[in-house]
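Read the structure below first, then the notes.
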Amino acid sequence: MSTRRLDIRYLITATPPTTNGDLHLGHLSGPYLAADVFKRFARLRGNEAVYVSSGDDNQTYVVTTAELEQRAPVAVADDYYERISRSLRLAQIELDVFNRPDAAHARFVGEFFARLHADGKLVIRDSVCLFCEECSAFAFEAYVGGGCPTCTEPARGNICEVCGHPNDPVDLIEPYCTKDRRHRLVRKAAPGLFLPLERYRADFERFYARTDVVMRTHLLELAHELLAAPLPDFRLTYPSGWGIPVALDGLAGQTFNAWGEMLPGLINSFALAGAALEPRAELVQFFGFDNSFFFFVHLGLLFAAAPDYIAPQAFVVNEFYELESLKFSTSLKHAIWVGDFLARYNVDLVRLYLAYTNPELQRTSFVEAEMQAWLSESVLRPWERVRGAPSGGFDEAAAQRRFDVYSARIEGDYGVECFSLRRAARVVVQALRWLSLAGSAPSPAILAAFAAFCSPIMPRFAAELAASLGLADVPAWDERCSPRAVAPSALPALPLDAHQALLAGVSASDGS
């Protein structure tokens with residue numbers, strides 16, 4: 001059971017999604033759903049919780065997508081920001097702020113880096129970059145590909161999504177211009193603004209040695225691998241026409257690296273939500289492992305900006321959620337788009353299945369037919385047995401003992417110290433199965449407890465269940481409630497698909 005104080009203000013982030021495509025199920029299964037579930041549970045516990053993210057308009061992938069779609073980058077970012085916003089709403093992801101880069105954002109980012117530079121925390125120097133002669137542009141991030149110099153897997157410039165290690169594009173194995181592999185890449189010196197990460201080695205080592213900071217093993221392993229060698233200087237600006245212009249002497253024609261921009265951007269998003277990275281708050285960040293190094297950089301920026309801001313208390317990282325064993329990819333359009341999918345399926349069932357199959361420790365794979373079969377067998381049939389159970393004979397004392405155990409388990413799974421969508425979903429399913437085998441209709445008090453268990457993952461269903469019990473809202477986690485008696489037929493249904501009957505394909509004579 002969680003031992004955290006109940007007076008904490010949690011400040012929660014999920015990696016800002018790049019506005020080069022709509023959200024797909026791979027995105028949703030990772031930081032966005034996890035952060036939403038954590039926020040909902042924190043509020044059920046009586047904690048303050050503020051959840052922010054933003055559109056990531058200034059990524060180079062917006063430019064490469066615009067070229068493919070033969071549209072202006074601004075039009076692409078505008079379009080996909082609206083689509084992403086709609087998908088988040090459809091998925092019941094309740095962010096307190098989901099803004100996008102605007103003039104105020106750009107001003108805050110510029111002032112943040114200008115102040116660090118004036119304080120001597122950042123340096124301007126020349127470095128050798130790749131330059132595409134045919135494009136007459138520097139090749140970095142989305143503009144260049146090659147083999148990762150750490151693990152040899154295919155990578156884009158500056159990061160390998162497989163091993164998580166950064167790369168300098170000049171060190172890529174057989175680098176190429178992503179616009180046309182026949183283009184000639186040459187080495188060319190260019191000035192830039194850099195964060196000297198090695199300067200903060202002692203801060204990093206102290207941070208990753210702390211036992212009170214929550215992080216999963218893979219992330220900690222990457223941190224130790226990075227610290228085993230001299231840390232690189234992180235380039236915060238590039239000669240580029242896309243992004244926030246840099247107003248520092250010697251850097252004319254440059255824009256801020258979108259990954260560096262992200263940290264002050266999130267701080268600005270919290271300000272819009274009326275929150276700040278203050279000492280009494282706990283910062284909890286949700287992101288995919290492929291972004292891990294950039295959050296290492298963000299930690300370095302927080303060290304540089306100390307004592308103005310707090311460091312994170314928890315990093316909740318997930319691995320890739322694949323589509324039939326291949327990586328979801330916005331740029332390659334190998335994806336199932338959230339908006340399209342939720343037009344066909346009940347949002348609570350989708351959230352439950354994504355939680356149950358969440359790739360929190362290793363890659364998992366989505367197969368639609370497997371989802372349908374699992375939901376029918378593990379959720380819909382048991383719930384229909386609960387709805388149809390006869391009144392009388394329910395063993396309230398036995399149920400209360402069992403639900404006390406479920407409560408202790410799921411409280412730990414929802415809590416920040418051991419947060420696990422997979423384990424929490426399994427407790428929900430286990431509790432449902434037990435209720436379905438009880439042989440008689442559960443008491444209103446037990447159903448109210450079940451609504452509380454479900455609420456962070458299945459908010460709409462939990463609210464409907466609470467309403468059917470005569471409650472104004474889902475009970476707070478420790479709240480004692482006395483819902484009125486209710487006939488089982490009044491309990492809400494959970495349709496598998498908006499376009500087919502409940503339990504389609506399941507024979508009415510099936511006695512299971």
Side-chain angles (χ1 to χ4, degrees), residues 13-15 30-31 34 122 127-128 130 140-141 144-175 194-236 257-260 262-263 283-304 306 311-322 327 358-364 417-420:
T13 72
T15 309
L122 307 178
S127 74
V128 176
L130 290 180
F140 61 97
E141 293 184 351
V144 62
C148 170
T150 300
C151 71
T152 76
E153 290 282 349
R156 290 293 176 92
N158 301 89
I159 196 69
C160 174
E161 293 186 345
V162 177
C163 71
H165 281 261
N167 65 67
D168 187 323
V170 300
D171 295 328
L172 287 170
I173 301 169
E174 299 178 357
F194 289 85
L195 170 66
L197 292 171
E198 183 65 23
R199 184 182 297 178
Y200 301 98
R201 169 173 289 276
D203 296 294
F204 282 116
E205 289 176 341
R206 281 192 296 269
F207 182 84
Y208 286 106
R210 287 171 55 182
T211 58
D212 62 327
V213 177
V214 178
M215 67 186 80
R216 289 173 175 160
T217 303
H218 200 182
L219 181 65
L220 186 59
E221 289 173 350
L222 175 63
H224 287 162
E225 290 172 4
L226 293 170
L227 289 167
L231 295 171
D233 290 353
F234 183 76
R235 182 182 262 273
L236 289 164
N257 181 329
W259 285 103
M262 190 176 291
L263 174 72
L283 177 60
V284 182
Q285 297 194 282
F286 293 78
F287 54 93
F289 178 76
D290 53 319
N291 299 155
S292 295
F293 172 71
F294 298 122
F295 283 83
F296 186 91
V297 171
H298 294 175
L299 187 57
L301 287 170
L302 289 170
F303 294 150
Q313 181 61 38
F315 296 119
V316 183
V317 62
N318 61 270
E319 307 294 327
F320 281 131
Y321 194 56
E322 297 178 332
K327 179 181 176 291
N358 185 261
E360 56 194 39
L361 299 178
Q362 63 186 32
R363 295 187 181 200
T364 53
E417 299 96 328
C418 301
F419 182 83
S420 172

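Source: prediction; values computed, not measured.
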Worksheet item: Taking the inter-plane angle between the rings of F289 and H218 on a 0 to 90° scale, is it parallel (under 30°), tilted (30 to 60°) or perpendicular (over 60°)?
Response: parallel
Discussion item. Using a 3.5 Å distance criterion without hydrogens, assess whether the side chain of N167 forms a donor-acceptor pair with backbone atoms of C148.
Written reply: no
Worksheet item: Parallel, tilted or perpendicular: which fits the ring planes of F295 and F287, with parallel below 30° and perpendicular above 60°?
Response: parallel
Fill in: Test item: N158 and P166 side chains (from C-beta on) under 4.5 Å apart, heavy atoms
no
Worksheet item: Among L301, L231, D233, N257, which residue meets the side-chain contact (heavy atoms from CB on, under 4.5 Å) test with L195?
Response: L301
Item to complete: Return the set of residues passing side-chain hydrogen bond (donor to acceptor under 3.5 Å, both in side chains) with N291 (not counting sequence neighbours), or none when no residue passes.
Response: none
Worksheet item: Okay, side chain of N318, backbone of G30: is any donor-acceptor separation there less than 3.5 Å?
Response: no
Discussion item. What verdict does the side-chain contact (heavy atoms from CB on, under 4.5 Å) test give for L222 and H165, after you've listed the backbone C-alpha separation in whole Å, the side-chain angles of each residue and the deciding distance to 0.1 Å?
Written reply: CA-CA 8 Å; L222 175 63; H165 281 261; 3.8 Å; yes
Item to complete: Give, for atom OG of S292 and atom CZ of R216, the distance between the pair rounded to the nearest 0.5 Å.
Response: 11.5 Å
Worksheet item: Using 30° and 60° as the class limits, which term best fits the ring planes of F296 and F204: parallel, tilted or perpendicular?
Response: parallel
Practice prompt. Measure from the side-chain N and O atoms of R201 to the backbone N and O of L227, and report whether any donor-acceptor pair falls under 3.5 Å.
Written response: yes
Discussion item. With a 4.5 Å cut-off on side-chain heavy atoms, are V213 and P312 touching?
Written reply: no
Discussion item. Check whether H298 reaches the backbone of W259 with its side chain - one donor and one acceptor, N or O, closer than 3.5 Å.
Written reply: yes
